[in-house]
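Encoded as C-alpha cells, the structure appears first; notes follow it.
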Amino acid sequence: MAAAATMVSSAGGLLAMLNESHPALKLHALSNLNAFVDYFWPEISTSVPIIESLYEDEEFDQRQLAALLVSKVFYYLGELNDSLSYALGAGPQFDVSEDSDYVHTLLAKAIDEYANLKTKAAEANDELAVVDPRLEAIVERMLDKCIADGKFQQAIGMAIECRRLDKLEEAVIRSDNVHATINYCIDVSHSFVNRREYRLEVLRLLVKVYQQLPSPDFLSICQRLMFLDEPEGVASILEKLLRSENADDALLAFQIAFDLVENEHQAFLLKVRDKLPSARSQPLGPVQSGSPQPDSVPSGNVLSEDVQMTDGTQADGGATSPDPSEVVYAERLTKIRGILSGETSIQLTLQFLYSHNKSDLLILKTIKQSVEMRNSVCHSATIYANAIMHAGTTVDTFLRENLDWLSRATNWAKFSATAGLGVIHRGHLQQGRSLMAPYLPQGGAGGGGSPYSEGGALYALGLIHANHGEGIKQFLRESLRSTNVEVIQHGACLGLGLAALGTADDDIFDDIKNVLYTDSAVAGEAAGISMGLLMVGTASEKASEMLAYAHETQHEKIIRGLSLGIALTVYGREEEADTLIEQMTRDQDPILRYGGMYALALAYRGTANNKAIRQLLHFAVSDVSDDVRRTAVLALGFVLYSEPEQTPRIVSLLSESYNPHVRYGAALAVGISCAGTGLSEAISLLEPLTSDVVDFVRQGALISMAMVMIQISEASDSRVGAFRRQLEKIILDKHEDTMSKMGAILASGILDAGGRNVTIKLLSKTKHDKITAVVGLAVFTQFWYWYPLIYFASLAFSPTAFIGLNYDLKVPKFEFLSHAKPSLFEYPKPTTVPTTTSAVKLPTAVLSTSARAKARANKKEAEKANAEKTKPGSGKGKMGDKDGDSMQVESTVEKKAEPEPSFELLTNPARVVPFQEKFIKFLEDSRYVPVKSAPSGFVLLKDLRPSEPEVLALTDAPSSTASNAGASATGQQSSASAMAVDEEPAPPQPFEYTS
C-alpha cells in the first residue's frame with residue numbers, strides 16, 4: 001500500500017474508473033479510494049453523486065463499500081448526520097472495532113442518536129416507536145464488543161444511556177466482580193439518570209440480578225427495595241434470615257433493619273413491620289401470656305426475656321411445650337419489630353446522647369448575662385439555643401436553674417419556651433406525655449393554663465414523637481378537635497404534622513382541613529404546613545385543594561403555610577412535579593411563587609438536576625419579589641446537597657449580589673448543602689458575609705457557618721476557633737444589632753447541638769436522602785417569618801455515634817481503634833472562666849497553677865463524694881461533670897512536652913464524627929467483630945467468645961427517673977426533675993499523676 005501511496009498523486013484516475021462499466025474496475029477504484037480518502041477527500045467530494053448512485057444501484061454487489069466511502073467524505077466535510085446515515089448503509093463494512101477518529105466520532109454520534117430515540121419513545125409511552133434496525137445493530141455490536149473485551153463499566157454506561165436493560169443485565173452478570181459492578185450501576189443511576197421512572201426500572205433490574213446470585217448481598221437488596229417502595233420484598237428477606245438456624249443470619253437481619261431505619265422513611269418501615277408475621281401468631285403455647293404487644297415493646301427486649309426463661313422447660317401446667325426453634329424465631333421477630341418501629345434506635349440514641357452529653361453551660365450563662373431583658377428576640381433566641389444545644393439529651397439543667405428568668409417570657413415567647421422542651425426530650429417516647437403533662441390542656445376547653453404554653457406543649461409532643469407518632473396521634477387529634485383557641489390549634493397542627501409525618505392519614509388530613517377552613521390566620525398557617533408534613537412525597541391530588549384555598553383566602557400567613565405545604569407534597573417526585581411547579585412559579589401571587597421555589601427544591605432534592613438548577617438561577621436573578629429571589633437561591637442548597645463541593649462555586653457570584661436578600665439566600669444555600677462538611681470553600685464564602693453591612697445577611701451567614709462547622713474541631717481547621725470567638729464578641733457587644741445577635745446566639749446553639757454529639761446530615765450512609773432531615777431543614781428555613789419553626793432544625797440532627805450491639809441488642813463494652821491523632825476529633829475544651837470578667841480563656845501551662853488546680857480538683861472530688869453520701873438527689877444534674885472536665889484539661893495542658901499519640905482507643909459506645917470514620921479499625925484480637933464493616937451508626941457484633949461474661953454499657957437509662965415527672969405539676973420544675981434525680985455523676989477514677 002505504501003508503494004501505491006507514493007505512486008498516486010491525485011485521485012482523478014481512480015474517480016474516472018468509477019464510470020467504467022466493468023464491476024471489477026469499479027471495485028478496484030472504490031477500494032483504493034477508500035484507502036486514500038484521508039488524503040484525497042477534497043477531490044473525492046466533487047464526485048460524491050457518482051458514488052452515491054453506485055450505492056443506490058441494487059444490482060451492484062459492492063454497494064456497502066460505496067456507502068462507507070460516502071460516509072467518510074461526509075465525515076470530513078463535517079456533515080455528521082449524513083455521514084451516519086451512510087455508515088448505517090455500509091452494514092458490516094463499518095467496523096466498530098477500528099481505532100480511528102472517524103469510527104470513534106460516528107459511534108458516539110450513533111449512541112447519542114439511539115439514546116435520544118429510545119428516551120423520546122419512553123417519554124411518549126410509545127413502546128412500538130420504530131428505531132432504525134441498522135442503528136440498533138451498530139449499538140448492539142458496540143455493546144457486545146465492550147462486554148467481550150471486559151470493559152464492563154463502559155458497557156454499563158452505554159446500556160443505561162441507551163435504555164438497553166437486557167444488555168445491562170448481561171454486562172453485570174458477566175463481570176468478574178458482580179457486587180462491585182452492581183454498586184457501580186447504582187452510583188451511575190443515581191448520578192446520571194435524570195428521570196425517576198427510568199431510575200426505578202434500572203434498580204428493579206439490579207434487584208433481580210442480586211436475587212439470582214449464589215450469595216446475595218441482602219443489605220444492598222433491601223436498600224434498593226426501599227428505594228422502589230416494595231415492603232413485601234424486604235419483609236420476605238427479613239423473615240428468611242430470622243428463620244435461619246444460624247444466629248449470624250439473625251444478626252444480619254437486625255443490621256438490615258437498623259440500616260433501613262437510618263433513612264427515616266417511616267411509612268415504609270411500618271409497612272414492612274406489618275408484613276412480618278406478628279409474634280403472637282406463632283404457636284408459642286402459654287409462654288407469652290401477659291407479655292406486651294410487640295408494637296409497644298419499649299426497648300425490643302422485654303419479650304425476649306420472658307421467652308428465654310421458659311426456653312427449655314415446661315413452665316405451665318399441662319400445655320404442650322413450644323418448639324424451641326419457634327420460640328427463638330418469635331423472640332427474633334419481636335426484636336426486629338422493635339427496630340423497625342424505630343423504638344430500639346431511638347431508645348439507644350437517647351441513652352447515648354444523655355450519657356455522653358458534653359454541652360457547656362457556661363456558654364449559655366454568658367449569653368444569658370449579656371442579653372438585655374427588654375430584648376425579647378434575644379431572650380427567645382437564648383431559649384432556642386439552649387433547646388438545640390441539648391437536643392435529645394433530656395438535660396434541662398439550664399431551664400431549672402433559671403426559672404425566674406424564663407418566666408419573663410410572655411405570649412409567643414412562652415409558646416416557644418414550652419415547645420423547646422420537646423426538642424430537649426426528643427425521642428423520649430415512653431415518658432413524653434407525662435413530661436409535658438403540666439402544660440397540656442387540662443380537660444375541657446382551655447383548662448385555665450396559658451393557651452400559649454398549652455399550644456407550645458402540643459407542638460413539643462410532636463417534636464418528641466416526630467416520625468414515631470403511633471402512640472400520640474390520637475391524643476393530638478382530640479386536643480385539636482376540642483379547642484377553638486387559635487394558639488392551641490396552631491400548636492396542635494404542628495404537633496400532628498410532625499407525629500404523623502408522611503403517613504398520608506386521611507382522617508387526620510380532614511381534621512387539619514377543618515382548622516384551615518375556619519380561616520384564622522394563626523391556625524391556618526400551621527394547618528397549611530401540617531398538611532404538607534402529613535402528605536410528604538405522596539404527590540397527592542389534595543395539593544390542588546390546597547392550591548385552590550390559597551387562591552381564595554385573604555390571609556398572607558395562610559397562603560404562606562399552604563405554599564410550603566404544597567411544596568412538601570411533591571417531595572422527591574422530580575419530573576412528576578413539573579406541572580405543579582409550573583403552576584406555582586407562574587402565579588401572580590409572589591407567596592405562591594415562593595412556594596414554587598420550595599417545590600423545586602424538594603422535588604429535585606439532592607439530585608443536582610441541571611434543569612432544576614437552571615430554573616432556580618433564573619428566578620434568583622429575575623423575579624420582582626425579594627422573597628422569591630431569596631428563596632430561589634436558598635433552594636439551590638437542597639438541590640445540591642449530594643454534591644456539596646458544587647454549591648460554593650455555583651452561588652459564589654450570587655453571594656456578592658447587590659441585593660441583600662440574594663446574599664442571605666446564598667449563605668443559607670451553602671449552610672444547607674455543606675452542613676457538617678467543614679468544607680474549606682464553604683467557610684471562605686461565608687466569612688465575608690458574617691461581617692456584611694446588612695444585619696439579616698450577617699444573621700444568615702452566622703447560622704450557616706455554624707451548620708458547616710458543626711463538629712469540626714479547631715485542630716482540623718483553625719477558623720473554627722476564630723469563629724467561636726467571633727460569636728462571643730458579637731453576643732457580648734452592647735452595640736451589635738438585634739438581628740445579628742440573634743444569629744450569633746442561634747449559631748452558638750447549632751455549633752454545640754445535641755450535647756456536641758450530633759451533626760446535620762441530609763444523606764444516610766447508603767447515600768439515600770434522610771426524609772425527615774430534609775423536611776426539617778426546609779421548614780426551619782421558614783423561621784424568617786415565624787421563629788418557633790426554628791425547632792424543626794432538630795429533625796436534621798443525626799447522632800455521630802458508634803453503637804455496637806450484641807444479639808440481645810444490648811451494648812457490650814469493648815475497645816476499638818481510631819487511627820488518628822486524638823486532637824483532631826476531640827470535644828471542644830470547656831470554657832473555664834466566666835469569659836465576661838477575664839481575658840484568660842484556658843489554664844496556662846505553668847506548673848504552680850496546675851498544682852493548685854490539682855489540689856482544688858482533689859478537694860472538689862472529696863466534696864463531691866461527701867455530697868453524694870449526704871443528699872442522693874441533689875438535682876445538680878450535669879454541672880458536676882464540668883468540674884471533672886476542666887480538671888482533665890489542666891492536666892493535659894501540662895503534659896504538652898510529650899508528642900501526641902497517633903491513635904486512640906475508643907470504648908463502645910463512642911462518639912465518632914463523620915471525618916473520623918475512615919480511621920476506625922477493630923483490634924486484631926477483639927472479642928467482637930461487626931456483621932458488616934461499618935465505621936459508625938448501629939453496628940451488630942458477632943461475639944467470638946460467647947461463654948465469657950459481658951460488661952454492658954448504656955445501662956443508665958434516662959427513663960428510669962422520669963416517673964417522677966408528672967408528680968409535681970408546678971410548671972417548669974416537674975419537667976426538669978425528669979432527669980438527674982439520683983443521677984449525680986460518679987467522681988472521676990483515682991489516678992497517679994506523673995509529670
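Side-chain atoms are counted along with the backbone in the values below, which use heavy atoms only and exclude waters and symmetry mates.
Here the closest heavy-atom approach between residue Leu238 and residue Leu276 is recorded as CB-CD2, 4.4 Å.
Applying the salt bridge (charged side-chain N to carboxylate O under 4.0 Å, His left out) definition to pairs two or more places apart or across chains, those involving residues 135-145 are Glu136-Arg164, Glu140-Arg164, Asp144-Lys167, Lys145-Asp149. Contacts classified as salt bridge (charged side-chain N to carboxylate O under 4.0 Å, His left out) and involving residues 178-187 (residues at least two apart or in different chains) are not found.
The residue from Val939, Leu941, Leu348 that alone fulfils the side chain to side chain contact (heavy atoms under 4.5 Å, CB included) condition with Leu805 is Leu348.
No hydrogens or angles considered: a donor-acceptor pair under 3.5 Å links the side chains of Ser83 and Ser71. Side chains of Gln223 and Asn263: a donor on one and an acceptor on the other come within 3.5 Å. Judged by distance alone, the side chains of Tyr604 and Asn610 never bring a donor and an acceptor atom under 3.5 Å apart. For Asn806 and Lys942, the side-chain atoms include no donor-acceptor pair closer than 3.5 Å.
When the shell of 6.0 Å around CD of Glu245 is examined, it contains 12 or fewer heavy atoms from other residues, nucleotides or ligands. Counted within 6.0 Å of NE2 on His104, heavy atoms from surrounding residues, nucleotides or ligands total more than 12; the atom is thus considered enclosed. Crowding of Lys921 atom NZ: a count of heavy atoms from other residues, nucleotides or ligands under 6.0 Å exceeding 12.
The CG atom of Leu260 sits 10.5 Å away from the CD atom of Gln255 when rounded to the nearest 0.5 Å.
At a threshold of 4.0 Å, the pair Glu645-Arg649 does not count as salt-bridged, since none of the basic side-chain nitrogens sits closer than that to a carboxylate oxygen. Of the charged side-chain nitrogens involved, at least one lies within less than 4.0 Å of a carboxylate oxygen, so that Glu574 and Arg199 count as a salt-bridged pair. Salt-bridge check for Asp578 with Lys611: passed, with a basic side-chain N closer than 4.0 Å to an acidic carboxylate O. The pair Asp259-Lys765 fails the salt-bridge criterion, with no side-chain N (NZ, NE, NH1 or NH2) lying under 4.0 Å from an Asp/Glu carboxylate O.
Remark: the backbone N or O of Arg945 is paired with a side-chain donor or acceptor of Arg927 at under 3.5 angstrom. Looking only at distances, no side-chain donor or acceptor of Ser244 sits under 3.5 Å from a matching main-chain atom of Lys240. Although no hydrogens or angles enter the test, the distance criterion places a donor-acceptor pair under 3.5 Å between the side chain of Arg337 and the main chain of Arg273. Side chain of His468 to backbone of Gly342: no donor-acceptor contact under 3.5 angstrom is found.
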Trace of the side chain to side chain contact (heavy atoms under 4.5 Å, CB included) decision for Ile760 with Leu777: CA-CA 9 Å; Ile760 296 176; Leu777 275 193; 4.1 Å; yes

Step-by-step side chain to side chain contact (heavy atoms under 4.5 Å, CB included) determination, Val931 to Phe254: CA-CA 10 Å; Val931 174; Phe254 298 155; over 6 Å; no

Step-by-step side chain to side chain contact (heavy atoms under 4.5 Å, CB included) determination, Thr349 to Phe938: CA-CA 10 Å; Thr349 302; Phe938 293 102; 3.6 Å; yes

Candidate pair Phe814 and Phe922, rule side chain to side chain contact (heavy atoms under 4.5 Å, CB included), full reasoning: CA-CA 10 Å; Phe814 74 97; Phe922 274 71; 3.6 Å; yes

Working for side-chain hydrogen bond (donor to acceptor under 3.5 Å, both in side chains), residues Asp769 and Tyr571: CA-CA 11 Å; Asp769 46 326; Tyr571 176 94; 2.5 Å; yes

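In this structure, Ile111 and Tyr114 have side chains that are not in contact, with every pair of non-hydrogen atoms separated by 4.5 Å or more. Counting heavy atoms from C-beta on, the side chains of Leu763 and His768 never come closer than 4.5 Å. By the 4.5 Å heavy-atom criterion applied to side chains, Val912 and Thr800 are not counted as neighbours. Side-chain atoms of Asp229 and Lys271, non-hydrogen and from C-beta on, do get closer than 4.5 Å to each other. Using a 4.5 Å cut-off on side-chain heavy atoms (C-beta onward), Tyr210 and Ser220 make contact. Between Phe638 and Leu600, every side-chain heavy-atom pair lies at or beyond the 4.5 Å cut-off.
Taking Glu98 as the reference, Ser100 meet the side chain to side chain donor-acceptor pair (under 3.5 Å) condition, with sequence neighbours excluded. Every residue two or more places apart in sequence or in another chain that forms a side chain to side chain donor-acceptor pair (under 3.5 Å) with Glu576 is listed here: Arg196, Arg573.
Note on ring orientation: taking the six-membered ring where Trp is involved, the planes of Phe94 and Tyr102 are perpendicular (angle over 60°, cut-offs 30° and 60°). Ring geometry for Tyr86 versus Phe74: interplanar angle under 30°, hence parallel rather than tilted (30 to 60°).
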For a quick test of your reading: what N or O donor-acceptor pairs under 3.5 Å do the side chains of residues 175-182 make, sequence neighbours left out?
residue	atom	partner	partner atom	Å
Ser175	OG	Val172	O	2.8
Ser175	OG	Thr181	OG1	2.8
Asn177	OD1	His179	N	3.3
Asn177	OD1	Ala180	N	3.2
Thr181	OG1	Asn177	O	2.8

Only pairs under 3.5 Å count here: list side-chain donor-acceptor contacts from residues 153-163, not counting sequence neighbours, and write none if there are none.
none

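A cation-pi contact, defined as under 6.0 Å to the ring centre and within 45° of the axis, is absent between Arg605 and Tyr641.
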